[in-house]
Amino acid sequence: MAWLEAQQLLRSRLFGDALPETMPGLDNHFRQLYELLHRGIAFGQSNSVLLNGSRGSGKSLVLQRVLQQLGSESELAGAYSVVYLNGLVQTDTRISLRSIAHQLNQSIDHEQLQTGSFSDCLTSLLSALKKGSSQQQSVIFVLDEFQEFTGFGDQRLLYNLFDVAQAIATPLTVVALSPHVSVLELLEKRVRSRFSQRSICFRHAQPFSLYLNICRALLFLPMSFPDSEFRDTWNTHIQETVLEDPGIRDSLLYQHELSHSIWELRRLLSVPICFMSEEQPLINAATFLQSLSQPYEDGKMTMLRGLTLADICLLVSLLRLATHQSHRALNFEMVYHDYTKFAAGRVHLVSKTASVKAFEHLLSLRLITWDSQHNRRGAKHVPKLFRPICLCVSGKQIRDVIQTSTQFPSMELLRAANALTL
């Protein structure tokens, strides 16, 4: 049955490893990473690259798509191996070395592991990949949760991987993935000097139009779907009925304000897919809207409800500035200046010392973070109150908390918050 095949395909895409045909907004990232890895395999070039972006921004999706594309090219068959390491799983260099040996189908002597140096063990493992007399198989190392590897003692694993990646004799490419903007600052000087300094940055805050395109790509059936008639009917229904429905658009817009995460969007779309049946083979707009409208507790809303008046006032000021001065880098001093202007005579004005404490509290809760777009190398030497920051909650969340809370002067704060729209 066509509807059952479609449901299984979409489930594997939303729950499993199946990938959509297109990746809106990520084509440039795909091309950069593909060219880098292809050169490493086809021409034996060694390199290293950092995929940097917040969780849910598409780093793993792009990497999976690139590896899938490389695996489909017959001329590269058997020319490379992929080794996956995760900083949350391989928690020290010895465990990492055992995992490398296992994934490369090589054995490692227990005595050598205990007494030999990490560099010698890694070199012997890679040298065993030689084919014939001279040609050596290329290896792609994927280091997920890269920031965790920086805490491995003296960073021997990273030092040796980047050191081998600089050697001409061993074709090796290191692909590191991390959500931390300043992860390179955690590297020791000797490790950083061996890293290529090449990074691909993933933008998390995409516009709503791109968010809709991602939603469309996740729900569309591919051209290879066996039943072309059902495929065309399905894709037309998604495009012209589901995604054009005003209620669904409003619900998706609200979800977009809460989170730009592709993973979160996949979780939301999985609900209406599970309601497909023989009697209802197409997604019903009403069912889709009901699944999107199901109330669930948002973690940030829970934290917002526990904030003090000083915390909320700083968030309102940052919200005002982020709307009217979106092109400028904002810092605490600018936020506090705006707070003193709108709070005077309306709400209780706390001292600057108390506001600094509130600012640090918001940072610890990650309701505001350091702005990676305006931070540059050496930003850590800038005084904390002058470092660029950005807001991590939406204007709707702030207004909802002010309206439902009894501890804040709702009318005065709402006037300040409603004078703008994010």
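The analysis underlying the following values was restricted to heavy atoms, covering all of them including side chains, and did not include hydrogens, waters or symmetry mates.
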Checklist entry - Are Val139 and Pro171 side-chain neighbours, meaning at least one heavy-atom pair lies under 4.5 Å? => result no
Next on the checklist: Looking at Gln397, is its backbone amide N or carbonyl O close enough to the side chain of Ser394 to form a donor-acceptor pair, meaning the two atoms are under 3.5 Å apart?
Outcome noted: yes
Item to check | Heavy-atom pair of closest approach, residues Asn52 and Pro179 | outcome: ND2-C, 4.5 Å
Next on the checklist: In the structure I gave you, are the side-chain heavy atoms of Leu252 and Leu268 within less than 4.5 Å of one another anywhere?
Outcome noted: no
Item to check | Whether Phe195 and Phe162 hold their rings parallel, tilted or perpendicular, with breakpoints at 30° and 60° | outcome: tilted
Next on the checklist: When you compare the side chain of Leu321 with that of Met334, does any pair of heavy atoms fall below 4.5 Å?
Outcome noted: yes
Next on the checklist: Looking at Ile283, is its backbone amide N or carbonyl O close enough to the side chain of His237 to form a donor-acceptor pair, meaning the two atoms are under 3.5 Å apart?
Outcome noted: yes
Next on the checklist: Given 3.5 Å as the limit, does a donor-acceptor pair link the side chain of Gln155 with the main chain of Leu187, or not?
Outcome noted: no
Item to check | Over 12 foreign heavy atoms within 6.0 Å of CZ, Arg366 | outcome: no
Checklist entry - Would Arg387 and Glu333 satisfy salt bridge (Lys or Arg N to Asp or Glu O under 4.0 Å), going step by step from the backbone distance to the final call? => result CA-CA 9 Å; Arg387 288 179 62 182; Glu333 293 291 346; over 6 Å; no
Item to check | Donor-acceptor under 3.5 Å (Ser99 side chain, Ile95 main chain) | outcome: no
Next on the checklist: I'd like to check the salt bridge (Lys or Arg N to Asp or Glu O under 4.0 Å) partners of Arg194; sequence neighbours left out, ordered by chain and number.
Outcome noted: Asp163
Checklist outcome for this item: Nearest heavy-atom contact between Leu51 and Lys59 is O-CD, 3.4 Å
Item to check | Geometric class of the Phe332/Tyr336 ring pair [parallel <30°, tilted 30-60°, perpendicular >60°] | outcome: parallel
Checklist entry - Taking Ser57 for the side chain and Ser54 for the main chain, is one N or O donor matched with an acceptor at less than 3.5 Å? => result yes
Checklist outcome for this item: Minimal heavy-atom distance between Leu243 and Arg249, with the atoms involved, is O-NE, 2.9 Å
Next on the checklist: Determine whether a donor-acceptor pair (N or O, by modelled atom type, separation under 3.5 Å) exists between the side chain of Gln45 and the backbone of Leu172.
Outcome noted: no
Next on the checklist: Using a 3.5 Å distance criterion without hydrogens, assess whether the side chain of Gln68 forms a donor-acceptor pair with backbone atoms of Gln64.
Outcome noted: no
Item to check | Check: Asn235 side chain, Leu221 main-chain N or O, donor-acceptor pair, under 3.5 Å | outcome: yes
Next on the checklist: So which atom in Ile398 and which in Val316 form the shortest heavy-atom distance, rounded to 0.1 Å?
Outcome noted: CG2-CG2, 4.0 Å
Checklist entry - Under 3.5 Å, side chain of Ser196 to main-chain N/O of Ser48, donor-acceptor pair present? => result yes
Item to check | side chain to side chain contact (heavy atoms under 4.5 Å, CB included), paired with Leu391, selected from Ile368, Thr369, Val335, Leu362 | outcome: Ile368
Checklist entry - Do Arg192 and Glu185 sit within salt-bridge range, that is, some charged N less than 4.0 Å from a carboxylate O? => result no
Checklist entry - Does some side-chain heavy atom of Asn331 sit less than 4.5 Å from a side-chain heavy atom of Leu385? => result no
Checklist entry - Does the side chain of Gln255 come within less than 4.5 Å of Tyr211's, by heavy atoms? => result yes
Checklist entry - Aromatic rings Trp370 and Phe359: how do their planes relate, parallel, tilted or perpendicular, breaks at 30° and 60°? => result perpendicular
Item to check | Sidechain-backbone polar pair: Tyr80 side chain, Ile140 backbone, donor-acceptor under 3.5 Å | outcome: no
Item to check | Exercise: identify the closest heavy-atom pair between Trp234 and Leu219 | outcome: NE1-O, 2.8 Å
Item to check | Check against side-chain contact (heavy atoms from CB on, under 4.5 Å), Arg266 and Arg13 | outcome: CA-CA 9 Å; Arg266 290 166 67 178; Arg13 182 183 294 172; 6.0 Å; no
Next on the checklist: Whether Glu5 and Arg231 form a salt bridge (side-chain N of Lys/Arg under 4.0 Å from carboxylate O of Asp/Glu) is what I want to check.
Outcome noted: no
Next on the checklist: Parallel, tilted or perpendicular: which one describes the rings of Phe30 and Tyr34, with boundaries at 30° and 60°?
Outcome noted: parallel
Item to check | 4.5 Å side-chain heavy-atom contact, Val82 and Phe141 | outcome: no
Checklist outcome for this item: Minimal heavy-atom distance between Ile200 and His29, with the atoms involved, is CG2-CD2, 3.5 Å
Checklist entry - Does the side chain of Thr241 come within less than 4.5 Å of Thr236's, by heavy atoms? => result no
Checklist entry - Do Leu315 and Leu307 pass the side-chain contact (heavy atoms from CB on, under 4.5 Å) test, and can you show the C-alpha distance, the side-chain angles, and the key distance before you say yes or no? => result CA-CA 10 Å; Leu315 289 178; Leu307 297 181; 3.7 Å; yes
Item to check | Verdict with reasoning, Met276 to Gln280, per side-chain contact (heavy atoms from CB on, under 4.5 Å) | outcome: CA-CA 6 Å; Met276 292 173 60; Gln280 192 176 350; over 6 Å; no
Item to check | Audit row: Leu157, Gln90, side-chain contact (heavy atoms from CB on, under 4.5 Å) steps and yes/no | outcome: CA-CA 11 Å; Leu157 172 65; Gln90 285 80 29; over 6 Å; no
Next on the checklist: Take a 6.0 Å sphere around CD of Glu229 and say whether it holds more than 12 heavy atoms from other residues, nucleotides or ligands.
Outcome noted: no
